[in-house]
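To start, the structure under review is shown below, and the notes come after it.
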Number of protein chains: 2
Amino acid sequence: MERAVNRFTRSPIGGNTGERVYAILREAIVTAELEPGRQLSENELAELLGVSRTPLRGALARLREDRLVVIVPQLGTFVTMISRSAVEDAAFVREALECAAIRMATERITEAGLEELQVNLAAQERAEAEHDADSFDLLDEDLHRAICQQSGHEIAWALSRRANGHLDRVRRLSLPDNTYLSQMVTEHRSMVAAIAEGKPDQAEEELRRHLRTVLSSLDQIRSRHPEYFETE
Amino acid sequence: MERAVNRFTRSPIGGNTGERVYAILREAIVTAELEPGRQLSENELAELLGVSRTPLRGALARLREDRLVVIVPQLGTFVTMISRSAVEDAAFVREALECAAIRMATERITEAGLEELQVNLAAQERAEAEHDADSFDLLDEDLHRAICQQSGHEIAWALSRRANGHLDRVRRLSLPDNTYLSQMVTEHRSMVAAIAEGKPDQAEEELRRHLRTVLSSLDQIRSRHPEYFETE
DNA sequence: CCATGTGCACTAGTATACAAGTAACGTCGG
DNA sequence: CCGACGTTACTTGTATACTAGTGCACATGG
């Protein structure tokens, strides 16, 4: 324990089994392939994924921190029900972090950074024209990540994404709406424009409205899948 | 895996071994008892704490998410050096979350909630008069927690606290300054006053200034303990 | 004396075995 | 027929054993 090494040149983490399992399970929960309320058996999942319980449990522990599962000792692990408060908490966290980030990004963005945002925006417009929702999702994520990166605090994106599980689940449960894509692209365009013009207040306001559009579909989802929601 | 249970009445977590180990290690790192750069041996720590490697590794994994340790596969686990960017990231996250929370708290706080804040404040004044720094630390934490709670999003406090490791480490490394306590109490008083008067902008501004006082001691710490800092 | 190669002691990651506890189901008695 | 009780089959939590890989030190050859 005495050897104090300063060389942290190795990649911090890579394709750990636990990391991979976490990503798989999170995706399954967010898409409701593993539906809310479902009990998860560690043994069964381990066998299914071809790993042992040890890395699997690590993944479940992280999912618990994301509030996507509840682990009850000596009883079981369950996919959490969708609850209004959890969704609103996620929205609150994301709004707080990203609004602070877009403010700071507006003040310190570089030419190259702005260029990156606009390239992304152009790609989004192509994805919209081709009705390519999958490409759009990736571009959407990357735009928000890039904005946080330009703020100098990319950690905001990491935390926002992490806390975003409940919102993602609601979003993925929404039927792909034709008007949805064009509305999102329009809002993104307004955001980037505000950044380019150096108006932090306006950028923040655009982002805030943008993030709240997702929340607005909550009641719709609830009426379609009442069995996924917590009884209040 | 088929049994879908809705009764999540059990307490979510309790005194797990991993939880306990996490708290112990975090405290040791924050107080620099385990100094930056120090290599942590899983075997040694497990023996020292009287637990097996399994829960210990869970605790280390959480500390990695807090950026308090770096785990390099097949090489070792190390306490992270203090870096300006990590400290600034922590400050950014805390500022974003708590400022959003105090805003919302100001708008929706109840009489009882305000009463709670003022009781805390009075206790802080007593702790200041008695120069009881330990009591003050607890009251300080509780005040910030209570404000987040009154916002309706206590999760803001959980995340803020979690991201706050680097800031805590800097703060704990500071010598107990006589003027420090009275300044903090004064700032807290201003914050609560702004909440009571229903002025969200002012409350946010007071909190922002309050949080940045901690950051201001960074250079001082750095000159006193250069060996704890990352070479840039 | 220096350079090079090999072994060793250590690391984290993973798999497996064991312990403690819960709830549900079946059985036995009234 | 109904209720209480005990067994059983599951759960998560923890400890231990094993695997793969790293860097350092020491021995050996030039």
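A sub-4.0 Å separation between OP1 or OP2 of D:dC10 and a side-chain N or O of A:N43 is absent. Contact annotation: B:S52 side-chain N/O to D:dA15 OP1/OP2 distance is under 4.0 Å. At D:dT16, none of the side-chain N or O atoms of B:R53 fall inside 4.0 Å of OP1 or OP2 (strictly under the cut-off). Between A:T77 and D:dT11, a side-chain N or O to OP1/OP2 separation shorter than 4.0 Å is absent. Between B:S41 and C:dC10, a side-chain N or O to OP1/OP2 separation shorter than 4.0 Å is absent. The phosphate of C:dG13 has OP1 or OP2 within less than 4.0 Å of a side-chain N or O from A:N16. Phosphate proximity of D:dG13 to B:T54: absent, as no side-chain N or O sits under 4.0 Å from OP1 or OP2.
Side-chain atoms of A:Q74 and base atoms of D:dT12 include a donor and an acceptor less than 3.5 Å apart.
Picking from D:dG13, C:dT14, C:dG13 the nucleotide with the shortest atom distance to the side chain of A:P55 gives C:dT14.
Inspection of the A:H153 and B:E88 side chains reveals no N or O donor paired with an N or O acceptor under 3.5 Å. A side-chain N or O of B:Q124 and one of B:N120 form a donor-acceptor pair less than 3.5 Å apart. Between A:H188 and A:D140, the side chains place a donor N or O and an acceptor N or O closer than 3.5 Å (distance only, hydrogens not considered).
Proximity of B:V93 to A:L97: side-chain heavy atoms (C-beta onward) are separated by under 4.5 Å at one or more points.
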